[in-house]
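Report on one structure; see the data block that follows.
Just so it is clear, the values below take in all heavy atoms, side chains as well, and ignore hydrogens, waters and symmetry mates. Numbering of residues begins at 1 and proceeds along the displayed sequence.
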Amino acid sequence: MYNTIQEKPAQEKNKIRILLADDHKLIRVGLKSLFTKFDDMAVVSEAENGKDAVEKIKTQHPDVAILDLILGDITGIDVVKRIGEESPGTKIIILTSHIKDTDVTESLKAGVSAYVLKDINSETLVMIVRTISEGAIWIDPKAVTILRNAHNSSIIPQKTCSRANFKAQHSNLTEREYEVLKLVVDGKSNLEIAKALNISEHTSKAHVCNIIQKLLVDDRTQAAVKAIKEGLV
């Protein structure tokens, strides 16, 4: 058992400690098999229902918890709410086949760091785990589309904002994302941005993805053009 003060076991140092929670054992086995292929990751615990996930997160404090939205007894969203401030360092990824706008919205409001659909490829999922552990946020592109269509402007701003209030509408860009956006405008690559800001390339890529989503554009070039035209940087 760990708390926020105790040292990690030697074999887990410098690794992303992952908890898997899914009521289907086959899913857990598949995910564990995927993550154990990487030297920087370790699956330290599994849970087959929501209550078990809550207890293990509270006692083991994994770096990342990957939760199904439906866990049999309680939802993944309920798990996030129940751990509260008892494991603030644990980043939560919802991995699900459900994509209703209310599911996405409630997950984000509860404080999850990523909303991922189960049809995602393994390479992208590994990237998400790495970037989430470093503080990034990731939303599946299909979920972004649903949020826009549902007019959830409190989560993702809409395309209808005017030039006059563009900057105010995009105040959800963090200070770090503004720094990254300026470097994108300067034509810097993810690696060059990482070196300039002393962050990992994975984190740099995640920030760029977040900016693209928040500015409601399709790629970094469009993000740079929109930032210049609207006077955002």
Side-chain angles (χ1 to χ4, degrees), residues 1-3 6-83 86-100 103-104 106-108 110-143 200 202 205-206 209:
M1 182 183 300
Y2 315 118
N3 57 36
Q6 289 176 315
E7 289 283 332
K8 296 179 182 179
Q11 67 270 24
E12 293 176 8
K13 285 188 176 182
N14 302 316
K15 291 190 176 186
I16 302 169
R17 301 173 60 256
I18 303 169
L19 175 141
L20 304 175
D22 196 296
D23 57 354
H24 291 92
K25 184 175 181 180
L26 187 60
I27 297 294
R28 301 198 308 271
V29 170
L31 290 173
K32 186 173 183 177
S33 176
L34 169 65
F35 295 130
T36 52
K37 294 177 182 178
F38 299 92
D39 293 337
D40 62 335
M41 297 183 179
V43 175
V44 297
S45 192
E46 298 179 42
E48 63 181 14
N49 60 61
K51 291 181 180 178
D52 190 26
V54 169
E55 292 307 311
K56 288 181 176 178
I57 292 172
K58 286 182 177 180
T59 58
Q60 299 179 12
H61 305 289
D63 300 308
V64 174
I66 302 178
L67 313 175
D68 190 6
L69 189 64
I70 307 300
L71 290 170
D73 51 357
I74 62 175
T75 69
I77 298 172
D78 290 327
V79 172
V80 179
K81 292 177 179 177
R82 293 191 184 190
I83 63 172
E86 297 189 51
S87 189
T90 299
K91 309 300 182 183
I92 305 295
I93 296 175
I94 294 292
L95 181 63
T96 182
S97 56
H98 296 268
I99 195 172
K100 291 193 305 183
D103 291 334
V104 181
E106 290 305 310
S107 295
L108 296 175
V112 304
S113 295
Y115 195 96
V116 184
L117 296 183
K118 285 185 175 178
D119 62 357
I120 197 167
N121 66 63
S122 58
E123 179 182 338
T124 303
L125 182 57
V126 169
M127 179 274 292
I128 291 169
V129 170
R130 286 177 174 146
T131 56
I132 290 307
S133 70
E134 296 177 336
I137 295 174
W138 198 92
I139 307 174
D140 193 287
K142 294 177 184 177
S200 73
H202 291 300
K205 183 176 180 180
C209 288

Report yes if the side chains of [X] and [Y] come closer than 4.5 Å at any heavy-atom pair, otherwise no.
X: N14; Y: D39; result: no
X: I94; Y: D103; result: no
X: K15; Y: V44; result: no
X: T124; Y: V116; result: no
X: L19; Y: T90; result: no
X: I18; Y: L31; result: no
X: I92; Y: V79; result: no
X: R28; Y: E48; result: yes

Distance-minimising heavy-atom pair for [X] and [Y]:
X: D23; Y: G72; value: OD2-N, 3.9 Å
X: G76; Y: L67; value: O-CD1, 3.7 Å
X: G50; Y: I74; value: CA-CG1, 3.5 Å

[atom2] on [Y] to [atom1] on [X], rounded to 0.5 Å:
X: I128; Y: E123; atom1: CD1; atom2: CD; result: 11.0 Å
X: D40; Y: R130; atom1: CG; atom2: CZ; result: 4.0 Å
X: H202; Y: S133; atom1: NE2; atom2: OG; result: 9.0 Å
X: L71; Y: T96; atom1: CG; atom2: OG1; result: 9.5 Å
X: L95; Y: I120; atom1: CG; atom2: CD1; result: 8.0 Å
X: I70; Y: N49; atom1: CD1; atom2: CG; result: 13.5 Å

Open item on the list: Using the rule given for side chain to side chain contact (heavy atoms under 4.5 Å, CB included), can you reason through I27 versus D68, listing the C-alpha separation, both sets of side-chain angles and the distance that settles it, and then say yes or no?
Closed with: CA-CA 10 Å; I27 297 294; D68 190 6; over 6 Å; no
TODO: Decide side chain to side chain contact (heavy atoms under 4.5 Å, CB included) for V64 and I66; before the verdict, give the C-alpha distance in whole Å, the side-chain angles of both, and the deciding distance to 0.1 Å.
DONE: CA-CA 7 Å; V64 174; I66 302 178; 4.1 Å; yes
Task: Y115 backbone acceptor or donor facing D140 side chain under 3.5 Å - done: no
Open item on the list: Test your reading of the model: is there a side-chain donor-acceptor pair from D73 to the backbone of K51, 3.5 Å cut-off?
Closed with: yes
Open item on the list: Here's a test for you: under side-chain hydrogen bond (donor to acceptor under 3.5 Å, both in side chains), which of K56, K58, H61 qualifies with S87?
Closed with: H61
Task: Within 6.0 Å of NZ in K32, more than 12 heavy atoms from elsewhere - done: no
Open item on the list: What verdict does the side chain to side chain contact (heavy atoms under 4.5 Å, CB included) test give for T75 and E106, after you've listed the backbone C-alpha separation in whole Å, the side-chain angles of each residue and the deciding distance to 0.1 Å?
Closed with: CA-CA 11 Å; T75 69; E106 290 305 310; over 6 Å; no
TODO: Kindly determine whether K100 and L69 satisfy side chain to side chain contact (heavy atoms under 4.5 Å, CB included), including the steps that lead there.
DONE: CA-CA 11 Å; K100 291 193 305 183; L69 189 64; over 6 Å; no
Open item on the list: I'd like to know if R82 pairs up with D78 as an ion pair, taking the criterion as any Lys NZ or Arg NE/NH1/NH2 lying under 4.0 Å from an Asp or Glu carboxylate oxygen.
Closed with: no
